[in-house]
K.L.:
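Pasting a structure below so you can have a look.
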Amino acid sequence: MIKRIIIIITLIGLSFVLLPLFLNMEDAERLSELSQTYVTEGAEELGTANLVTAVVVSYRGLDTLGEVAVLFAATAGVTLLLGTKKKGGSVTDLLEERRGGSELLNTGAALLFPVLLLFGAYIFVHGHLTPGGGFQGGVVIASAFVLLLFIESDREFSHSVLHSLEALSGAAYVLIGLIGLWFAAGFLDPRFLPSGEIGRLLSAGAIPLIYSLIGIKVGSELIGVVDSLRRRS
Amino acid sequence: MVSPLYILGIGLGIAFLLPLFEKLGKKIPRIITLITLMVFTLIAVSWVVMISGAVDKFPVIFNTIGFKAPFAISLQVGLIEALVLVMINTAALLSGLFLSLRKDSHWEGKQIVLFLTLVIGVNGLVLTRDLFNLFVFLEIVSISMYALIASNDEKHAYEAGFKYLIAGSIASAFYLIGVIYLYRFTGTLFIDQIVAMDLAALQATHPGLVFAIALIMLGLLIELKPFPSNGWAIDAYEASDPAVSAMISAVGASGVVFAFYKISSLFPPEMAEIVVASGAVTFVFSQLVGLRQKRVRRMLGYSSVGQIGIIVMIIGLQRILKIDDAQMIMSSAIILLGNHIFSKAGLFWLSDIFDQEQLRRVRRRPLMIVLFGVFLGSLAGLPPFPAFWAKWRMITVLAESDKLFLIIIILLGSLFEAGYLFRWFTTLLRDESDPGDIHEEQIPEDIPVSSSQTGVVSSTRALAALAENAGSVVEELPVLSVEDPTAAEKRNPVVLAVVAISSVIVIAAGVLLGAEFLRASNELLLLIPVAVLTAGILFDLLHLPHRIHLILAMAGISFYSYRILMGLDGIYLVFGILFLTGSLIQMISLYVKKSLHFGLIPMITALILSLGNLLISTTRLGFFFSWEMMTVLSSLLILRGRKASGAGLRYLLFSLGGAYSMLIGLMLYPDFSLLLQGVRDVSTPPVLAVFLISIGAMVKMGSLGLHIWLPGAYAEAENEISSLLSSVVSKAGLFLLFVTSSLYLIPLLPSGNIPVSVLLGWIGAFTALAGAFFALFQEDIKYTLAYSSMGQVGYMLLAFSLMTHLGWVTSLYMAVTHLLFKALLFLAVAGVLYRTKTRMMYQMGGLIKRMPISFITVLLSIIALSGVPPLTGFGGKWLLYTALIEKGWYLQAGVAMFASAIAFLYLFRLIHVIFLGQLKDEHRAMKEAPIGFLIPQVVGMIVIMLFSMYPSLLIGPLQRAVTPFFSESIIWEGYTVFSTLGYWNGNAVMYVTIGVFIFPLAWLLLMQRKHTRMVEQFNIVFAAERPDRPETTHFGYNFFAHYRRALGMYLTPWATRWWTGVVTLTDSLGGTMRRIYTGNGQTYAFQIILYGTVLLLLLRGGF
Amino acid sequence: MITQLLIILGAALILVGFWGVLTRKHIVKIIISFSILDTGIHLIMVGIGYIKDGSAPIIDQEMPVSRLAGNVVDPIPSALVLTAIVIGVAVTALMLSYAVQLYTFYKTVSIEQIKELKW
Amino acid sequence: MIVVYILLGLMMLIAAVAAIQMRNIVSAIITAGVVSLIGSILFLLAGAPDVAMTEAAIGSALTTVIFLFAWSRITEQMKTDKKSSEHDSEGGSND
């Protein structure tokens, strides 16, 4: 109990110290100078309708590359930790008992699966126009596979296809970045392709391409994570 | 110039593709990764080359996507980034090589992927100038580390990894909150833009600003494992694969350190002070806790944490200090970082090789010893390694800024660290028969003594805690005999080569830095010992025959001595002859050894050259460097002894303590170089400086209270080394006193007019007395001689502190004569020990007929030593008493007189027990000592006789050396010396004494002839003693037991007790401290949050 | 007002998260606490990006380029949160893998019983 | 508008506390998912649809799924452990 009291006191102390950060934070009246520039010039410079996408893919493109790398490392980590030849003793497939869902579920999933795939692809292809993009689309694609897992737990995904997809999309992403360095103004510059008319699908330079690659990579990585967590030791 | 984006871009691209490459072949990812790392390294090297060509054009900012800095994320390459990246990428490359070359390497698949992402992440951390981008790279690094920690699939690694994950997540949370608020307040994430803002004005409108910065600082600081919220990190170092620990410690931590440096430009001064405090606390306490640690990897973990702590401290300091000082001190941080990277990685690798080869000791594996020595030495900041120069620079800057307290912190922490690192070293070097104990003084216990006295008997118990630890450091390593029969097959020279590269980097960096530092004062010559040592070790590794090597070394020393002595005069010349010629003669005895003795000759040579360098160094740095070299080399030499592990460690620690004390003194006293040049009328130094410097000198001389290291070191070292140490090296302390002499004239107390030298005088007198007493009760002959040396040096201290002409002449005179007769004694005894194979006097006896020359040497030396006429010792004593009485120090004279009376008692025993009496059965076929031992003895005897007959030969030059300091007080007439109190004619004394002795002898021979009956030596009637075992019935055994009883409490080893107390206290302090590491991940999380809260509260107090 | 609300809410969630991290014994609960903590941070970040009466920074018929400034929320914090969320899930996945392996080795889910390494 | 925020905020807080206090792990995981879900509604309201989508897809859905997978793996192991040591089993070690 004393321990809890000490913890409470500490947390109170922490919040007390940080009060200047939490209180008197009114809504900002205007954008910061930096985002003002993004908002006023971003659409023109990059041709994206969704300015968040402009920031994510271009202005802070290095963050996003890093983010993909984080996910990549995490996938590798999860696979390494839960990988196949582990000492941890053998446990049978944890979903074994539930194997083979009802007919209805199977049919539903079979119908839903392509729809989800398409939806995911739609999200990342339209990342520069509407909310959402590579990450969200990737998750949707992953969820399609998760659905399959739920109904058919012993399903094995084709790992080599998954791995190749992941690796190649990642490498292509980097390659596009380098093309930006060679043929446009800098690394990850999407403007080596024409920026086109705002609001069109084929606009915003290489941004849709980049977001699609991110979508594929993120999707396949997340499938990898879920798959590793699911598989028996 | 290659864009840094290639490192990140191509690196990540390859990382993404690695799973595909694996399909082409199992080994392919390894090769590709290694090539990638090599490219990284080369890119970084190319930057360094480029930048050093045009420093003013850098740093260069590289933008992404073609927008300028605040609009897009940018990377920066400047000299400091380039240097850090060279170090990090090189270390990563070596790590990769190690991982792929080690035995049963499983380095494949995801491990390689994570390894590569880790390295890329660290590169990004160093390069990026954007706060949020920094966070992303931080997460890449962290996630790669989280996963790698458990890559060895061990139970404990999972535990440690989870704790690491918890801690890292909390740190990230802090950082992220800080970043978003900083964006809110400043409207940007570009570091340089924020730095350029008027943060103080901004603070007025946004009171939260400082806390936003503080949260960012805290996030990174926690990743840097500040004490006491760092248990999770240490667990990870302990539990994960050593190669991974090496990566975490060398590569991961370095990246975060650099990130911390990057954001440090945002810190307001109050925050910088908190950072300094945090770093200092981490440094000292981690090392303190490390003292208690017995598990090797955990110990290395504590060391890592401590090393990072000191760098954090510097990063805080560079925000506080003036701009020039800040740059200076930052350069030392970079050096320390590099030093840490390569040596810590090297040690982790070595610990892995140990596991792999199931080694327990390395005594017979020279290369391993060298590697260990290099890494440990560089971590402990010993010369000539980079950390030595870095710490020097740091301390210089701190001294100029009057931050004495921080200097003490740094030196204290360094001492602790040297303590546990070298405890490990000594344990590894230990021979199987070595108990690992401090030393084994053999004093019979069979007489009733009060409990307060038994301390003497078991001064073994004195540093029991330390010793116990020393014994168990490697306990957890698999227990196998020294050399496993299959070990030869298990060895993997290729892996050792990787480790060796790391050590070569450390050495090369150290030497280059040394050249850089010493060039400023034209003291490049001082690096000669390092060169000699390196060359010598190489010779040894290549198996150059011992004798050729010896001759080469002696020739080298002779040449060096010739060059140096030509340029010296006065006191310097006296000490030059003492150091160089004295040791050269003793080196002859090494000729006896036939086979290769690894490292012996290089180290002795380097030691002698370092001693010589003391004489020619002109600056504080040069002097301290040579002093430390001498210290380190002599302790390594002591460690060669079969049972010397404890003694060597103790010697090292005391010497380092003394050296650090001296260093602080030097720093308090900036005009030291003037002093060295013999300028005497310097401004009044602070009394503290005087004390600290004199402590440095007295440790080396083994003065009473600081002598604990002495008996073990002199006794347990090899015989030749003992001789060299006690007769030559101990005089270095005296030399320091002489060159700093004017310091001791200042008043001891602010009021009175008693100078410090009076205190020194008393210490000298009591050292002489105590040395004699301690020597009295030893059964072990080498301990007897060791304590005897201690006493003799006490006389020199006493004479020196008289601060009169006669006093100084006496001191120098005794130094020279002590060199002669102590070297003779040790060499003669060395010969005896060489033949008898025992050091216990009661196991000898009757050797007079077997070893006549040794007998004569010993006889001559003890006559000389004890101060009876007619030999040199008499002159010394005569001068001493004259000088004392002249000064009016009657009490001291009394003590000295008493001490020499006692000295005679133990000296007489050397002859009596060893050479007279009954010859042991096993010694019947014994021969005289080898010729190599005898040559120096004969030379020495001749010199002693010469000086005895013609004291002016010696006293004359000494007198002239001292004359510049004091007006002359003695006059010569022919061979007769006149003082104010009387005169001494060496010739006359000799003749009279001979006359006095010859007459009774003749009378004896004539008168007793008819009563004398010749008996065979083994006739039991002779001396009525039982000739054989048990030895305790030997007449020489426990010879002075009655005195012990009589002297009672005066023999209580106060000093030993005091130091025992200090060690026990430190040890238990460390033991208490480490209780905070409960092992519970949740507690660690709480500690982190509490730590953060406290830091923030402190900061709030500042506003 | 909305910024203030989101920030207070975020801070409250952070505190709840810390409370959970510091007091729950079950490692899965601790991981849950971390994800709540993360959500709190994301709330704060979005709150900071909010602009008075702002809408999403997306150009369409109702929101032509000329009207953007002053009427849309700051895109930068949104972009940062995006990244933070993905990083959060990556860390959570790793934590969960650790939880699974810890159970395999220690046969417990209580963090208090997982402390073989200490001192 | 403000009222909606406050209401959602309160729900979120309650859900968060509940997730931490609940004894049943599965409910706790799902409740934590609810916290995220409400969060994503708040994001949508605050003019950040991108974030809202991400939070809903990743923070709420995906995170919950991996939590459940991981937890079921642990419970699965618990079951086999219990089977292998039937006699000294002591019941629920959920919390």
Side-chain angles (χ1 to χ4, degrees), chain B residues 132-133 135-136 138-140 142-143 146-147 149-150 153-166 168-170 172-173 176-177 179-181 183-184 187-189 231-232 234-236 238-239 289 292-295 298 1071 1073-1083 1085-1086 1089, chain C residues 3 7 10-11 14 17-25 27 30-31 33-35 37-38 40-42 44-50 74 76-77 79-81 83-84 86-88 90-106 110-119:
Chain B
F132 190 79
N133 199 232
F135 172 74
V136 174
L138 192 65
E139 289 299 313
I140 297 182
S142 309
I143 286 181
Y146 299 151
I149 288 172
D153 200 24
E154 297 284 341
K155 184 182 185 186
H156 286 166
Y158 284 110
E159 177 188 338
F162 190 66
K163 293 176 195 168
Y164 205 103
L165 201 39
I166 290 180
S169 302
I170 296 176
S172 303
L176 200 52
I177 301 175
V179 164
I180 194 68
Y181 274 101
Y183 172 71
R184 162 85 175 197
T188 181
L189 292 166
W232 43 279
I234 293 160
D235 288 352
E238 180 184 353
V289 178
R292 270 299 281 268
Q293 200 39 254
K294 293 172 185 170
R295 283 165 290 179
R298 197 170 180 81
M1073 287 283 176
R1074 68 181 193 157
R1075 299 273 151 193
I1076 59 166
Y1077 299 126
T1078 60
N1080 184 339
Q1082 202 158 37
T1083 315
F1086 176 66
I1089 293 171
Chain C
T3 301
I7 286 178
I14 291 174
F18 272 145
W19 172 255
V21 170
L22 295 182
T23 57
R24 299 302 97 176
K25 304 294 166 226
I27 41 178
I30 291 177
I31 302 172
S33 307
F34 269 117
S35 74
L37 174 71
D38 278 349
I41 298 175
H42 301 158
I44 291 187
M45 293 172 83
V46 170
I48 279 176
Y50 186 76
D74 194 337
I76 295 176
L80 303 187
V81 182
T83 311
V86 174
I87 290 174
V91 173
T92 308
L94 264 182
M95 280 190 174
L96 285 170
S97 325
Y98 264 107
V100 170
Q101 287 302 106
L102 281 177
Y103 183 80
T104 320
F105 281 98
Y106 285 78
S110 166
I111 193 158
E112 290 198 323
Q113 286 166 36
I114 304 176
K115 49 175 186 182
E116 292 188 1
L117 287 169
K118 52 182 153 185
W119 298 334

K.L.:
Under a 4.5 Å heavy-atom cut-off, does chain C meet the side chain of B:I166, its backbone, both or neither?
P.N.:
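For B:I166, heavy atoms of backbone and side chain both lie under 4.5 Å from chain C.
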K.L.:
At a 4.5 Å cut-off on heavy atoms, which part of B:E159 comes close to chain C: side chain, backbone, both, or neither?
P.N.:
both
K.L.:
Could you tell me which of B:L165, B:L189, B:L176, B:I140 has the largest number of non-hydrogen atom pairs under 4.5 Å with chain C?
P.N.:
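Ranked by contacts with chain C, first place is B:L165.
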K.L.:
Could you have a look at C:D74, C:I14, C:V81, C:D38 and say which one has the most heavy-atom pairs with chain B under 4.5 angstrom?
P.N.:
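Most heavy-atom pairs under 4.5 Å with chain B: C:D74.
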K.L.:
Heavy-atom distances under 4.5 Å only: say whether B:Y183 touches chain C with side chain, backbone, both or neither.
P.N.:
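Just its side chain gets close to chain C.
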K.L.:
Please enumerate all residues that pass ring-ring contact (aromatic ring centres under 6.0 Å, His included) together with C:Y50, with sequence neighbours excluded.
P.N.:
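ring-ring contact (aromatic ring centres under 6.0 Å, His included) list for C:Y50, sorted by chain: empty.
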K.L.:
Looking only at heavy atoms and a cut-off of under 4.5 Å, which of B:I1089, B:I180, B:V136 has the most pairs with chain C?
P.N.:
B:I180
K.L.:
Who pairs with B:R298 by salt bridge (Lys or Arg N to Asp or Glu O under 4.0 Å), at least two apart in sequence or on another chain?
P.N.:
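Partners of B:R298 by the salt bridge (Lys or Arg N to Asp or Glu O under 4.0 Å) criterion, ordered by chain and then number, come out as B:D235, B:E238.
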K.L.:
Once you measure the plane-to-plane angle for B:Y158 and C:Y98, does it fall in the parallel (<30°), tilted (30-60°) or perpendicular (>60°) bin?
P.N.:
perpendicular
K.L.:
For chain C, find which of B:I1076, B:V179, B:I177 contributes the most heavy-atom pairs closer than 4.5 angstrom.
P.N.:
B:I177
K.L.:
Checking heavy atoms, do the side chain of B:F132, its backbone, both or neither come under 4.5 Å from chain C?
P.N.:
side chain
K.L.:
Is there side-chain contact between C:L117 and B:K163, with at least one heavy-atom pair below 4.5 Å?
P.N.:
yes
K.L.:
Check each atom of B:I170 against the heavy atoms of chain C and say whether the ones under 4.5 Å are side chain, backbone, both or neither.
P.N.:
both
K.L.:
Quick one: CD on B:Q1082 to CZ on C:R24, what's the gap to the nearest 0.5 Å?
P.N.:
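Going from CD on B:Q1082 over to CZ on C:R24, the span is 9.0 Å.
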K.L.:
Can you tell me which portion of C:S33 sits under 4.5 Å from chain B's heavy atoms? Options are side chain, backbone, both or neither.
P.N.:
neither
K.L.:
Counting C-beta onward and ignoring hydrogens, is there a side-chain heavy-atom pair between B:F135 and C:I87 closer than 4.5 Å?
P.N.:
yes
